[in-house]
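Below is one structure, written out as C-alpha coordinates, with a few remarks after it.
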Amino acid sequence: MFAVDHEILIAALLLFVGILSSKLSPRLGLPMLVLFLAVGMLAGEAGIGGLAFDDTHTAHALGTLALAVILFDGGLQTSVSAIKSVWKPASLLATLGVAATAGITGFAAAHILGIPPMVGLLLGAIVGSTDAAAVFSILRNAGIHISPRLKSTLEIESASNDPMAIFLVVGLLELITQKMEPGMALAVLFVKQMGIGAVVGLSIGWIAIKLINRIRLIAAGLYPVLVAVCGALAFGLAATLGGSGFLATFIAGVIIGNNRFVFQHATFLFLDGLAWLSQIAMFVMLGLLVNPPSLLEVWGEGLVIAAILVFVARPLAVSPLLALTGFSWRETALVSWVGLRGSVPIILAIFPLLFGIDEAGLVFNVVFFVVLISATLQGSTLPWVAHKLGLTQTPPPSPATTLEIPSLGDVDADIVEVKLGEKSRVCGFTLTQVPLPNDIEIAMMVRGKKVIPPKPDTILCAGDHLFVTLKPHLRTYLDSLFSTAEEPLIAHLSVHPACMKASITVGMLARFYGLPFKEGDTTSLAQFMQDHLEDIRPQAQLSFKGVVFTVEKAHNQQIDVVSFLSKEDI
(Lines give C-alpha, C1' and ligand atoms only; values in the text may rest on other atoms or scores of the structure.)
Protein backbone atom coordinates (compact mmCIF):
# COMPACT_ATOMS: atom_id res chain seq x y z
CA MET A 1 0.00 0.00 0.00
CA PHE A 2 2.75 2.41 0.98
CA ALA A 3 4.61 1.62 -2.25
CA VAL A 4 1.55 2.61 -4.27
CA ASP A 5 1.15 5.81 -2.26
CA HIS A 6 4.80 6.61 -2.87
CA GLU A 7 4.44 6.04 -6.62
CA ILE A 8 1.37 8.27 -6.78
CA LEU A 9 3.27 11.02 -4.96
CA ILE A 10 6.22 10.75 -7.33
CA ALA A 11 3.97 10.76 -10.42
CA ALA A 12 2.08 13.82 -9.14
CA LEU A 13 5.33 15.68 -8.40
CA LEU A 14 6.75 14.90 -11.83
CA LEU A 15 3.57 16.07 -13.55
CA PHE A 16 3.51 19.19 -11.37
CA VAL A 17 7.10 20.07 -12.27
CA GLY A 18 6.38 19.26 -15.93
CA ILE A 19 3.41 21.65 -16.00
CA LEU A 20 5.41 24.43 -14.36
CA SER A 21 8.31 23.89 -16.77
CA SER A 22 5.99 24.86 -19.66
CA LYS A 23 6.24 28.45 -18.41
CA LEU A 24 9.95 28.40 -19.27
CA SER A 25 9.38 27.46 -22.91
CA PRO A 26 8.80 30.97 -24.32
CA ARG A 27 11.56 32.45 -22.14
CA LEU A 28 14.19 29.91 -23.17
CA GLY A 29 12.98 29.61 -26.76
CA LEU A 30 12.82 25.82 -26.43
CA PRO A 31 9.90 23.56 -27.37
CA MET A 32 7.97 22.30 -24.36
CA LEU A 33 8.65 18.68 -25.26
CA VAL A 34 12.38 19.27 -24.71
CA LEU A 35 11.67 20.67 -21.24
CA PHE A 36 9.37 17.74 -20.42
CA LEU A 37 12.07 15.30 -21.51
CA ALA A 38 14.60 17.21 -19.40
CA VAL A 39 12.36 16.90 -16.34
CA GLY A 40 12.27 13.12 -16.80
CA MET A 41 16.01 12.84 -17.40
CA LEU A 42 16.81 14.94 -14.31
CA ALA A 43 14.46 12.82 -12.22
CA GLY A 44 15.91 9.58 -13.61
CA GLU A 45 18.50 7.21 -12.20
CA ALA A 46 21.43 9.23 -13.57
CA GLY A 47 19.88 12.57 -12.55
CA ILE A 48 19.26 14.35 -9.29
CA GLY A 49 16.04 12.40 -8.64
CA GLY A 50 17.66 8.97 -8.74
CA LEU A 51 14.46 7.25 -9.91
CA ALA A 52 15.04 3.94 -11.65
CA PHE A 53 12.67 3.19 -14.53
CA ASP A 54 13.49 0.67 -17.25
CA ASP A 55 10.14 -1.05 -17.87
CA THR A 56 9.90 -0.90 -21.66
CA HIS A 57 6.56 -2.72 -21.76
CA THR A 58 4.92 -0.17 -19.46
CA ALA A 59 6.55 2.70 -21.35
CA HIS A 60 5.25 1.32 -24.63
CA ALA A 61 1.71 0.82 -23.29
CA LEU A 62 1.45 4.25 -21.65
CA GLY A 63 3.12 5.96 -24.59
CA THR A 64 0.69 4.36 -27.04
CA LEU A 65 -2.28 5.45 -24.93
CA ALA A 66 -0.94 9.00 -24.69
CA LEU A 67 -0.38 9.18 -28.45
CA ALA A 68 -3.93 7.98 -29.09
CA VAL A 69 -5.31 10.76 -26.87
CA ILE A 70 -3.14 13.40 -28.57
CA LEU A 71 -4.16 12.27 -32.06
CA PHE A 72 -7.84 12.11 -31.10
CA ASP A 73 -7.69 15.67 -29.75
CA GLY A 74 -5.87 16.76 -32.90
CA GLY A 75 -8.65 15.23 -35.00
CA LEU A 76 -11.31 17.05 -33.00
CA GLN A 77 -9.60 20.37 -33.80
CA THR A 78 -9.04 19.63 -37.51
CA SER A 79 -11.72 20.95 -39.85
CA VAL A 80 -12.89 18.98 -42.86
CA SER A 81 -12.40 22.09 -44.98
CA ALA A 82 -8.71 22.14 -44.00
CA ILE A 83 -8.35 18.48 -44.95
CA LYS A 84 -10.05 19.06 -48.30
CA SER A 85 -7.75 21.96 -49.09
CA VAL A 86 -4.48 20.12 -48.37
CA TRP A 87 -5.24 16.40 -48.59
CA LYS A 88 -3.04 15.91 -51.64
CA PRO A 89 0.24 17.32 -50.26
CA ALA A 90 -0.47 16.01 -46.76
CA SER A 91 -1.18 12.47 -47.96
CA LEU A 92 1.92 12.44 -50.18
CA LEU A 93 4.08 13.62 -47.29
CA ALA A 94 2.48 11.12 -44.90
CA THR A 95 3.21 8.13 -47.16
CA LEU A 96 5.86 8.62 -49.83
CA GLY A 97 7.54 11.35 -47.79
CA VAL A 98 7.94 9.07 -44.78
CA ALA A 99 9.24 6.19 -46.92
CA ALA A 100 11.77 8.41 -48.72
CA THR A 101 12.98 10.00 -45.49
CA ALA A 102 13.33 6.56 -43.89
CA GLY A 103 15.26 5.18 -46.86
CA ILE A 104 17.78 8.03 -47.11
CA THR A 105 18.34 8.24 -43.35
CA GLY A 106 18.44 4.46 -42.98
CA PHE A 107 21.18 3.85 -45.56
CA ALA A 108 23.23 6.66 -44.04
CA ALA A 109 22.75 5.29 -40.51
CA ALA A 110 23.81 1.77 -41.56
CA HIS A 111 27.08 3.15 -42.95
CA ILE A 112 27.76 5.52 -40.04
CA LEU A 113 26.99 3.01 -37.26
CA GLY A 114 28.37 -0.08 -39.02
CA ILE A 115 25.11 -2.01 -38.60
CA PRO A 116 23.31 -4.28 -41.11
CA PRO A 117 21.40 -2.42 -43.85
CA MET A 118 18.03 -3.75 -42.64
CA VAL A 119 18.68 -2.45 -39.12
CA GLY A 120 19.77 0.86 -40.60
CA LEU A 121 16.49 1.06 -42.54
CA LEU A 122 14.68 0.21 -39.30
CA LEU A 123 16.33 3.19 -37.61
CA GLY A 124 15.39 5.38 -40.57
CA ALA A 125 11.77 4.21 -40.39
CA ILE A 126 11.65 4.98 -36.68
CA VAL A 127 12.67 8.61 -37.24
CA GLY A 128 10.87 8.87 -40.59
CA SER A 129 7.62 10.45 -39.39
CA THR A 130 7.05 13.87 -37.92
CA ASP A 131 5.46 13.97 -34.49
CA ALA A 132 1.89 15.23 -34.05
CA ALA A 133 2.37 16.29 -30.42
CA ALA A 134 5.52 18.24 -31.28
CA VAL A 135 4.13 19.88 -34.44
CA PHE A 136 0.77 20.81 -32.86
CA SER A 137 2.54 22.26 -29.82
CA ILE A 138 5.07 24.27 -31.85
CA LEU A 139 2.61 25.67 -34.40
CA ARG A 140 0.04 26.62 -31.77
CA ASN A 141 2.42 28.04 -29.17
CA ALA A 142 5.38 29.46 -31.11
CA GLY A 143 3.83 32.91 -31.38
CA ILE A 144 3.94 32.99 -35.20
CA HIS A 145 1.20 32.91 -37.80
CA ILE A 146 1.60 31.27 -41.19
CA SER A 147 -0.91 30.73 -43.97
CA PRO A 148 -3.76 28.32 -43.19
CA ARG A 149 -2.65 26.14 -46.11
CA LEU A 150 0.85 25.68 -44.72
CA LYS A 151 -0.37 25.18 -41.15
CA SER A 152 -2.99 22.63 -42.19
CA THR A 153 -0.49 20.74 -44.35
CA LEU A 154 1.98 20.42 -41.49
CA GLU A 155 -0.60 19.46 -38.89
CA ILE A 156 -2.47 16.93 -41.04
CA GLU A 157 0.80 15.39 -42.25
CA SER A 158 2.03 14.94 -38.68
CA ALA A 159 -1.30 13.50 -37.53
CA SER A 160 -1.61 11.03 -40.43
CA ASN A 161 1.96 9.82 -41.01
CA ASP A 162 2.27 7.70 -37.86
CA PRO A 163 0.48 4.70 -39.45
CA MET A 164 3.03 4.67 -42.28
CA ALA A 165 5.95 4.80 -39.86
CA ILE A 166 4.47 2.07 -37.67
CA PHE A 167 3.83 -0.09 -40.74
CA LEU A 168 7.45 0.30 -41.87
CA VAL A 169 8.83 -0.40 -38.39
CA VAL A 170 6.68 -3.47 -37.79
CA GLY A 171 7.30 -4.77 -41.30
CA LEU A 172 11.08 -4.36 -41.04
CA LEU A 173 11.14 -5.99 -37.60
CA GLU A 174 9.17 -8.93 -38.99
CA LEU A 175 11.70 -9.23 -41.82
CA ILE A 176 14.72 -8.89 -39.52
CA THR A 177 13.41 -11.56 -37.13
CA GLN A 178 12.36 -13.68 -40.14
CA LYS A 179 8.74 -13.81 -39.05
CA MET A 180 7.56 -12.61 -42.46
CA GLU A 181 8.80 -13.02 -46.00
CA PRO A 182 9.33 -9.89 -48.11
CA GLY A 183 6.95 -9.20 -50.98
CA MET A 184 3.20 -9.65 -51.02
CA ALA A 185 2.89 -10.11 -47.25
CA LEU A 186 4.26 -6.61 -46.68
CA ALA A 187 1.80 -5.11 -49.17
CA VAL A 188 -1.10 -6.96 -47.51
CA LEU A 189 0.00 -5.62 -44.13
CA PHE A 190 -0.04 -2.05 -45.49
CA VAL A 191 -3.52 -2.35 -47.01
CA LYS A 192 -4.84 -4.01 -43.87
CA GLN A 193 -3.42 -1.33 -41.57
CA MET A 194 -4.70 1.62 -43.57
CA GLY A 195 -8.00 0.13 -44.74
CA ILE A 196 -9.21 -1.19 -41.40
CA GLY A 197 -8.04 1.95 -39.60
CA ALA A 198 -9.96 4.22 -41.99
CA VAL A 199 -13.17 2.15 -41.95
CA VAL A 200 -13.23 1.81 -38.16
CA GLY A 201 -12.50 5.52 -37.66
CA LEU A 202 -15.31 6.58 -39.98
CA SER A 203 -17.75 4.11 -38.45
CA ILE A 204 -17.05 4.94 -34.80
CA GLY A 205 -17.15 8.67 -35.55
CA TRP A 206 -20.54 8.41 -37.28
CA ILE A 207 -22.02 6.18 -34.57
CA ALA A 208 -20.65 8.45 -31.81
CA ILE A 209 -22.38 11.55 -33.20
CA LYS A 210 -25.71 9.74 -33.53
CA LEU A 211 -25.42 8.35 -30.01
CA ILE A 212 -24.25 11.53 -28.25
CA ASN A 213 -27.06 13.68 -29.65
CA ARG A 214 -29.78 11.17 -28.79
CA ILE A 215 -28.77 9.77 -25.44
CA ARG A 216 -29.71 11.59 -22.22
CA LEU A 217 -27.05 11.01 -19.57
CA ILE A 218 -27.71 11.66 -15.89
CA ALA A 219 -24.79 14.11 -15.56
CA ALA A 220 -23.44 16.73 -17.98
CA GLY A 221 -19.86 15.81 -17.06
CA LEU A 222 -20.34 12.37 -18.64
CA TYR A 223 -20.64 13.73 -22.18
CA PRO A 224 -16.94 14.67 -22.54
CA VAL A 225 -16.03 11.30 -21.02
CA LEU A 226 -18.29 9.53 -23.52
CA VAL A 227 -16.56 11.29 -26.42
CA ALA A 228 -13.13 10.32 -25.04
CA VAL A 229 -14.27 6.71 -24.69
CA CYS A 230 -15.38 6.73 -28.34
CA GLY A 231 -11.86 7.77 -29.32
CA ALA A 232 -10.40 4.93 -27.26
CA LEU A 233 -12.93 2.51 -28.75
CA ALA A 234 -11.88 3.48 -32.28
CA PHE A 235 -8.23 2.86 -31.45
CA GLY A 236 -8.82 -0.43 -29.64
CA LEU A 237 -11.22 -1.89 -32.23
CA ALA A 238 -8.98 -1.01 -35.19
CA ALA A 239 -5.86 -2.40 -33.47
CA THR A 240 -7.70 -5.59 -32.47
CA LEU A 241 -8.80 -6.15 -36.08
CA GLY A 242 -5.23 -5.68 -37.31
CA GLY A 243 -5.59 -2.10 -38.51
CA SER A 244 -3.98 1.19 -37.52
CA GLY A 245 -5.44 2.36 -34.24
CA PHE A 246 -3.74 5.74 -34.61
CA LEU A 247 -5.36 6.39 -37.99
CA ALA A 248 -8.74 5.23 -36.67
CA THR A 249 -8.72 7.49 -33.61
CA PHE A 250 -7.64 10.52 -35.66
CA ILE A 251 -10.40 9.98 -38.25
CA ALA A 252 -12.98 9.41 -35.53
CA GLY A 253 -11.89 12.70 -33.95
CA VAL A 254 -12.29 14.53 -37.26
CA ILE A 255 -15.80 13.14 -37.78
CA ILE A 256 -16.92 14.01 -34.24
CA GLY A 257 -15.26 17.42 -34.17
CA ASN A 258 -16.88 18.57 -37.41
CA ASN A 259 -20.42 17.85 -36.24
CA ARG A 260 -22.58 19.62 -33.69
CA PHE A 261 -23.22 17.71 -30.48
CA VAL A 262 -24.29 18.31 -26.91
CA PHE A 263 -21.76 20.09 -24.62
CA GLN A 264 -19.34 20.46 -27.51
CA HIS A 265 -17.30 23.31 -26.03
CA ALA A 266 -16.90 21.56 -22.66
CA THR A 267 -15.84 18.41 -24.49
CA PHE A 268 -13.16 20.25 -26.45
CA LEU A 269 -11.79 21.79 -23.24
CA PHE A 270 -11.79 18.40 -21.50
CA LEU A 271 -9.99 16.63 -24.36
CA ASP A 272 -7.51 19.49 -24.75
CA GLY A 273 -6.59 19.22 -21.07
CA LEU A 274 -6.38 15.43 -21.35
CA ALA A 275 -4.08 15.77 -24.38
CA TRP A 276 -1.80 18.14 -22.46
CA LEU A 277 -1.69 15.73 -19.53
CA SER A 278 -0.87 12.86 -21.90
CA GLN A 279 1.86 14.87 -23.60
CA ILE A 280 3.53 15.87 -20.33
CA ALA A 281 3.26 12.38 -18.83
CA MET A 282 4.58 10.73 -21.99
CA PHE A 283 7.64 12.95 -22.41
CA VAL A 284 8.52 12.85 -18.71
CA MET A 285 8.22 9.05 -18.76
CA LEU A 286 10.41 8.77 -21.86
CA GLY A 287 12.94 11.04 -20.17
CA LEU A 288 12.98 8.65 -17.22
CA LEU A 289 13.49 5.68 -19.54
CA VAL A 290 16.71 6.94 -21.12
CA ASN A 291 20.12 6.76 -19.46
CA PRO A 292 21.83 10.12 -20.22
CA PRO A 293 25.43 8.78 -19.96
CA SER A 294 24.61 6.28 -22.72
CA LEU A 295 23.74 9.16 -25.03
CA LEU A 296 27.29 10.47 -24.71
CA GLU A 297 28.55 7.20 -26.20
CA VAL A 298 26.72 7.86 -29.47
CA TRP A 299 26.69 11.65 -29.59
CA GLY A 300 29.07 11.86 -32.58
CA GLU A 301 27.20 9.36 -34.73
CA GLY A 302 23.86 10.69 -33.54
CA LEU A 303 24.81 14.24 -34.49
CA VAL A 304 25.78 13.20 -38.03
CA ILE A 305 22.58 11.16 -38.48
CA ALA A 306 20.49 14.06 -37.17
CA ALA A 307 22.21 16.43 -39.61
CA ILE A 308 21.52 14.07 -42.52
CA LEU A 309 17.88 13.71 -41.45
CA VAL A 310 17.30 17.46 -41.07
CA PHE A 311 19.39 18.87 -43.90
CA VAL A 312 19.39 16.07 -46.49
CA ALA A 313 16.72 13.37 -46.09
CA ARG A 314 13.72 15.55 -45.20
CA PRO A 315 14.35 18.20 -47.90
CA LEU A 316 15.02 15.56 -50.58
CA ALA A 317 11.83 13.70 -49.65
CA VAL A 318 9.66 16.82 -49.39
CA SER A 319 10.76 18.94 -52.36
CA PRO A 320 9.57 16.81 -55.33
CA LEU A 321 6.27 15.96 -53.61
CA LEU A 322 5.38 19.58 -52.87
CA ALA A 323 6.50 20.66 -56.32
CA LEU A 324 3.70 18.47 -57.70
CA THR A 325 1.11 20.31 -55.59
CA GLY A 326 2.05 23.91 -56.36
CA PHE A 327 4.03 24.94 -53.28
CA SER A 328 6.63 27.69 -53.68
CA TRP A 329 10.26 27.08 -52.80
CA ARG A 330 9.84 29.18 -49.63
CA GLU A 331 6.87 27.12 -48.51
CA THR A 332 8.74 23.92 -49.35
CA ALA A 333 11.71 25.11 -47.29
CA LEU A 334 9.49 25.75 -44.26
CA VAL A 335 7.75 22.38 -44.57
CA SER A 336 11.19 20.76 -44.75
CA TRP A 337 12.28 22.58 -41.61
CA VAL A 338 9.16 21.73 -39.60
CA GLY A 339 9.95 18.03 -39.74
CA LEU A 340 10.07 17.78 -35.96
CA ARG A 341 10.68 14.44 -34.34
CA GLY A 342 9.20 13.82 -30.90
CA SER A 343 7.55 11.09 -28.88
CA VAL A 344 6.58 8.82 -31.79
CA PRO A 345 10.18 7.94 -32.77
CA ILE A 346 11.11 7.28 -29.13
CA ILE A 347 8.11 5.00 -28.61
CA LEU A 348 8.82 3.24 -31.91
CA ALA A 349 12.44 2.83 -30.74
CA ILE A 350 11.07 0.65 -27.93
CA PHE A 351 9.82 -1.86 -30.52
CA PRO A 352 13.31 -3.30 -31.25
CA LEU A 353 13.77 -3.77 -27.49
CA LEU A 354 10.49 -5.70 -27.33
CA PHE A 355 11.49 -7.81 -30.36
CA GLY A 356 14.89 -8.48 -28.79
CA ILE A 357 17.15 -7.66 -31.76
CA ASP A 358 20.86 -7.33 -31.02
CA GLU A 359 21.19 -3.64 -31.96
CA ALA A 360 18.10 -2.56 -30.01
CA GLY A 361 20.00 -0.59 -27.34
CA LEU A 362 22.10 1.25 -29.90
CA VAL A 363 19.03 2.09 -31.99
CA PHE A 364 17.15 3.45 -28.97
CA ASN A 365 20.00 5.71 -27.82
CA VAL A 366 20.65 7.08 -31.32
CA VAL A 367 16.95 7.75 -31.88
CA PHE A 368 16.65 9.57 -28.56
CA PHE A 369 19.65 11.73 -29.40
CA VAL A 370 18.29 12.52 -32.87
CA VAL A 371 14.92 13.52 -31.36
CA LEU A 372 16.62 15.87 -28.90
CA ILE A 373 18.60 17.54 -31.68
CA SER A 374 15.59 17.79 -34.01
CA ALA A 375 13.23 19.18 -31.39
CA THR A 376 15.77 21.64 -30.01
CA LEU A 377 17.21 22.87 -33.32
CA GLN A 378 14.09 22.93 -35.49
CA GLY A 379 11.58 23.75 -32.79
CA SER A 380 13.49 26.69 -31.30
CA THR A 381 14.34 28.24 -34.69
CA LEU A 382 10.93 27.88 -36.36
CA PRO A 383 9.85 31.53 -35.77
CA TRP A 384 13.20 32.80 -37.09
CA VAL A 385 13.09 30.56 -40.19
CA ALA A 386 9.48 31.48 -40.99
CA HIS A 387 10.34 35.18 -40.66
CA LYS A 388 13.45 34.90 -42.86
CA LEU A 389 11.46 33.09 -45.53
CA GLY A 390 8.85 35.85 -45.47
CA LEU A 391 6.02 33.48 -44.60
CA THR A 392 4.77 35.07 -41.38
CA GLN A 393 1.41 36.79 -41.48
CA THR A 394 -0.55 39.25 -39.39
CA PRO A 395 -2.23 37.41 -36.51
CA PRO A 396 -5.82 36.59 -37.39
CA PRO A 397 -8.61 37.92 -35.18
CA SER A 398 -9.39 35.81 -32.15
CA PRO A 399 -12.40 33.69 -33.04
CA ALA A 400 -15.54 33.93 -30.99
CA THR A 401 -15.75 31.42 -28.17
CA THR A 402 -18.81 29.20 -28.17
CA LEU A 403 -20.68 28.95 -24.87
CA GLU A 404 -22.79 25.97 -23.94
CA ILE A 405 -26.54 25.59 -24.39
CA PRO A 406 -27.50 22.43 -22.44
CA SER A 407 -30.05 21.39 -25.09
CA LEU A 408 -27.76 22.26 -27.99
CA GLY A 409 -28.61 19.06 -29.75
CA ASP A 410 -32.18 20.34 -30.21
CA VAL A 411 -31.55 24.07 -30.71
CA ASP A 412 -30.36 25.51 -34.01
CA ALA A 413 -28.48 28.39 -32.36
CA ASP A 414 -25.20 29.27 -30.68
CA ILE A 415 -24.23 31.60 -27.88
CA VAL A 416 -20.72 32.95 -28.39
CA GLU A 417 -18.41 35.33 -26.57
CA VAL A 418 -16.50 37.93 -28.61
CA LYS A 419 -13.75 40.23 -27.36
CA LEU A 420 -13.26 43.33 -29.52
CA GLY A 421 -9.66 44.00 -30.52
CA GLU A 422 -7.94 47.39 -30.65
CA LYS A 423 -8.61 47.77 -34.38
CA SER A 424 -11.90 45.94 -34.68
CA ARG A 425 -13.91 47.45 -37.50
CA VAL A 426 -17.00 47.91 -35.31
CA CYS A 427 -15.26 50.01 -32.64
CA GLY A 428 -16.61 53.56 -32.42
CA PHE A 429 -20.02 52.70 -33.86
CA THR A 430 -23.30 52.29 -32.04
CA LEU A 431 -25.27 49.06 -32.12
CA THR A 432 -27.81 50.73 -34.39
CA GLN A 433 -25.12 51.61 -36.94
CA VAL A 434 -23.52 48.14 -37.10
CA PRO A 435 -25.27 46.08 -39.83
CA LEU A 436 -26.19 42.99 -37.83
CA PRO A 437 -28.32 40.38 -39.62
CA ASN A 438 -31.62 39.47 -38.03
CA ASP A 439 -30.26 36.13 -36.83
CA ILE A 440 -27.50 37.82 -34.79
CA GLU A 441 -28.40 39.50 -31.50
CA ILE A 442 -26.11 41.00 -28.84
CA ALA A 443 -27.56 39.73 -25.57
CA MET A 444 -25.06 41.25 -23.10
CA MET A 445 -21.97 43.46 -22.98
CA VAL A 446 -19.21 43.57 -20.37
CA ARG A 447 -16.76 46.48 -20.21
CA GLY A 448 -14.06 45.98 -17.61
CA LYS A 449 -15.96 44.70 -14.58
CA LYS A 450 -19.21 46.42 -15.52
CA VAL A 451 -22.19 44.91 -17.33
CA ILE A 452 -23.60 47.31 -19.93
CA PRO A 453 -27.13 46.83 -21.27
CA PRO A 454 -26.93 46.61 -25.09
CA LYS A 455 -29.02 49.64 -26.09
CA PRO A 456 -29.31 51.01 -29.66
CA ASP A 457 -27.10 54.02 -28.83
CA THR A 458 -24.41 52.00 -27.00
CA ILE A 459 -21.00 52.66 -28.56
CA LEU A 460 -18.74 49.62 -29.06
CA CYS A 461 -15.19 49.97 -27.69
CA ALA A 462 -11.97 47.95 -27.82
CA GLY A 463 -11.81 45.42 -25.01
CA ASP A 464 -15.58 44.98 -24.80
CA HIS A 465 -16.83 41.43 -24.26
CA LEU A 466 -19.97 40.73 -26.27
CA PHE A 467 -22.25 37.77 -25.68
CA VAL A 468 -24.02 37.08 -28.94
CA THR A 469 -26.76 34.69 -30.05
CA LEU A 470 -26.76 33.63 -33.68
CA LYS A 471 -27.60 30.95 -36.19
CA PRO A 472 -24.67 28.53 -36.71
CA HIS A 473 -24.32 29.33 -40.44
CA LEU A 474 -23.46 32.95 -39.57
CA ARG A 475 -20.46 32.07 -37.39
CA THR A 476 -17.86 32.88 -40.07
CA TYR A 477 -19.60 36.15 -40.81
CA LEU A 478 -19.60 37.09 -37.11
CA ASP A 479 -15.85 36.46 -36.79
CA SER A 480 -15.20 38.68 -39.80
CA LEU A 481 -17.62 41.43 -38.76
CA PHE A 482 -15.84 42.01 -35.45
CA SER A 483 -12.33 41.51 -36.83
CA THR A 484 -9.77 43.96 -38.23
CA ALA A 485 -10.11 42.58 -41.77
CA GLU A 486 -10.61 44.98 -44.64
CA GLU A 487 -12.29 42.75 -47.23
CA PRO A 488 -16.03 43.33 -47.85
CA LEU A 489 -18.26 41.10 -45.74
CA ILE A 490 -20.33 40.11 -48.75
CA ALA A 491 -17.56 37.61 -49.50
CA HIS A 492 -18.68 35.63 -46.44
CA LEU A 493 -22.29 35.36 -47.59
CA SER A 494 -22.00 33.34 -50.77
CA VAL A 495 -24.53 30.79 -49.50
CA HIS A 496 -26.72 32.74 -47.06
CA PRO A 497 -27.79 36.29 -48.01
CA ALA A 498 -27.54 39.11 -45.50
CA CYS A 499 -30.97 39.70 -44.03
CA MET A 500 -31.40 42.74 -41.76
CA LYS A 501 -33.65 45.53 -40.64
CA ALA A 502 -34.29 48.05 -43.38
CA SER A 503 -33.55 50.93 -41.01
CA ILE A 504 -29.78 50.45 -41.53
CA THR A 505 -28.18 53.19 -43.62
CA VAL A 506 -26.76 52.47 -47.04
CA GLY A 507 -23.55 54.23 -45.95
CA MET A 508 -22.96 51.51 -43.34
CA LEU A 509 -23.60 48.85 -45.96
CA ALA A 510 -20.95 50.48 -48.13
CA ARG A 511 -18.47 50.57 -45.25
CA PHE A 512 -18.97 47.04 -43.96
CA TYR A 513 -20.13 45.16 -47.06
CA GLY A 514 -18.50 47.07 -49.87
CA LEU A 515 -21.88 47.64 -51.50
CA PRO A 516 -22.15 50.25 -54.29
CA PHE A 517 -23.11 53.23 -52.11
CA LYS A 518 -21.20 56.18 -50.71
CA GLU A 519 -19.82 55.83 -47.20
CA GLY A 520 -21.51 58.34 -44.93
CA ASP A 521 -24.78 58.29 -46.89
CA THR A 522 -27.49 58.42 -44.21
CA THR A 523 -30.29 57.21 -46.48
CA SER A 524 -31.95 54.17 -44.95
CA LEU A 525 -32.10 50.91 -46.87
CA ALA A 526 -35.91 51.10 -46.63
CA GLN A 527 -35.99 54.55 -48.21
CA PHE A 528 -33.58 53.44 -50.96
CA MET A 529 -35.82 50.47 -51.81
CA GLN A 530 -39.00 52.54 -51.75
CA ASP A 531 -37.45 55.10 -54.11
CA HIS A 532 -36.62 52.40 -56.67
CA LEU A 533 -39.50 49.91 -56.36
CA GLU A 534 -42.86 50.42 -58.00
CA ASP A 535 -44.61 47.68 -56.06
CA ILE A 536 -43.68 47.31 -52.38
CA ARG A 537 -44.52 43.76 -51.35
CA PRO A 538 -42.75 40.74 -49.84
CA GLN A 539 -40.29 39.05 -52.24
CA ALA A 540 -40.15 42.12 -54.50
CA GLN A 541 -36.62 42.37 -55.92
CA LEU A 542 -34.38 45.19 -57.02
CA SER A 543 -31.17 44.72 -58.98
CA PHE A 544 -28.66 47.50 -58.39
CA LYS A 545 -25.04 47.53 -59.63
CA GLY A 546 -24.47 43.79 -59.30
CA VAL A 547 -26.43 43.32 -56.08
CA VAL A 548 -29.95 41.88 -55.77
CA PHE A 549 -32.06 43.29 -52.93
CA THR A 550 -35.17 41.39 -51.80
CA VAL A 551 -38.01 42.64 -49.60
CA GLU A 552 -38.44 40.03 -46.87
CA LYS A 553 -41.04 41.82 -44.75
CA ALA A 554 -43.29 44.79 -45.53
CA HIS A 555 -46.35 46.29 -43.84
CA ASN A 556 -48.63 49.06 -45.07
CA GLN A 557 -46.21 50.02 -47.87
CA GLN A 558 -43.39 50.24 -45.33
CA ILE A 559 -40.36 47.97 -45.77
CA ASP A 560 -39.18 46.36 -42.53
CA VAL A 561 -36.64 43.68 -43.52
CA VAL A 562 -34.42 43.39 -46.62
CA SER A 563 -31.95 40.75 -47.76
CA PHE A 564 -29.22 41.17 -50.35
CA LEU A 565 -26.81 38.99 -52.29
CA SER A 566 -24.34 39.64 -55.06
CA LYS A 567 -25.37 38.37 -58.50
CA GLU A 568 -22.20 36.29 -58.73
CA ASP A 569 -23.36 34.27 -55.72
CA ILE A 570 -26.85 33.50 -56.99
Are the side chain of [X] and the backbone of [Y] linked by a donor-acceptor contact shorter than 3.5 Å?
X	Y	result
Ser374	Val370	no
Asn213	Arg260	yes
Thr381	Trp384	no
Gln77	Gly74	no

message: Pair Phe72, Val227 - check side chain to side chain contact (heavy atoms under 4.5 Å, CB included), show working.
response: CA-CA 10 Å; Phe72 184 61; Val227 174; 3.9 Å; yes
Looking at [atom1] of [X] and [atom2] of [Y], how far apart are the two atoms once the value is rounded to the nearest 0.5 Å?
X	Y	atom1	atom2	answer
Thr249	Asp73	OG1	CG	10.0 Å
Thr376	Gln378	OG1	CD	10.0 Å
Arg341	Ile126	CZ	CD1	12.5 Å
Ser129	Leu348	OG	CG	6.0 Å
Leu217	Ile215	CG	CD1	4.5 Å
Ile207	Cys230	CD1	SG	9.0 Å

Can you tell if the side chain of [X] reaches within under 4.5 Å of the side chain of [Y], non-hydrogen atoms only?
X	Y	result
Val338	Val385	no
His57	Leu354	yes
Leu247	Gln193	no
Ile70	Met282	yes
Thr469	Ile442	no
Pro320	Leu324	no
Phe283	Val39	no
Met444	His465	no

task: Take Val335 and Leu93 through the test side chain to side chain contact (heavy atoms under 4.5 Å, CB included) and record every step on the way to the result.
output: CA-CA 10 Å; Val335 172; Leu93 292 174; 4.0 Å; yes
So which atom in [X] and which in [Y] form the shortest heavy-atom distance, rounded to 0.1 Å?
X	Y	value
Ile350	Ala59	CD1-CB, 3.9 Å
Ile373	Ala306	CG2-CB, 3.8 Å
Ala90	Ile156	CB-CG2, 3.8 Å
Pro352	Leu122	CG-CD2, 3.9 Å
Tyr223	Ile212	CE2-O, 3.9 Å
Gly245	Ala238	CA-CB, 4.0 Å

For [X], all residues meeting side-chain hydrogen bond (donor to acceptor under 3.5 Å, both in side chains), sequence neighbours excluded:
X	answer
Glu157	Arg314
Ser79	Ser81
His387	none
Ser278	none

I'd like to check the ring pair (Phe, Tyr, Trp, His ring centres under 6.0 Å) partners of [X]; sequence neighbours left out, ordered by chain and number.
X	result
Phe351	His60
Phe235	Phe246
Phe311	Trp337

query: Among pairs that include at least one residue of residues 320-330, which meet salt bridge (Lys or Arg N to Asp or Glu O under 4.0 Å), considering only residues two or more places apart or in two chains?
result: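 As it turns out, there is no salt bridge (Lys or Arg N to Asp or Glu O under 4.0 Å) pair with a partner in residues 320-330 once direct neighbours are skipped.
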How would you list, by chain and number, every residue that makes a side chain to side chain contact (heavy atoms under 4.5 Å, CB included) with [X], sequence neighbours excluded?
X	value
Val80	Lys84, Val254, Asn258
Leu241	Ile196, Val200, Leu237
Thr325	Lys88, Pro89, Leu92, Leu322, Phe327
Phe268	Leu76, Phe261, Gln264

query: When you look at Val199 and Ser203, which way does the side chain to side chain contact (heavy atoms under 4.5 Å, CB included) test go after all the steps?
result: CA-CA 6 Å; Val199 171; Ser203 302; 4.1 Å; yes
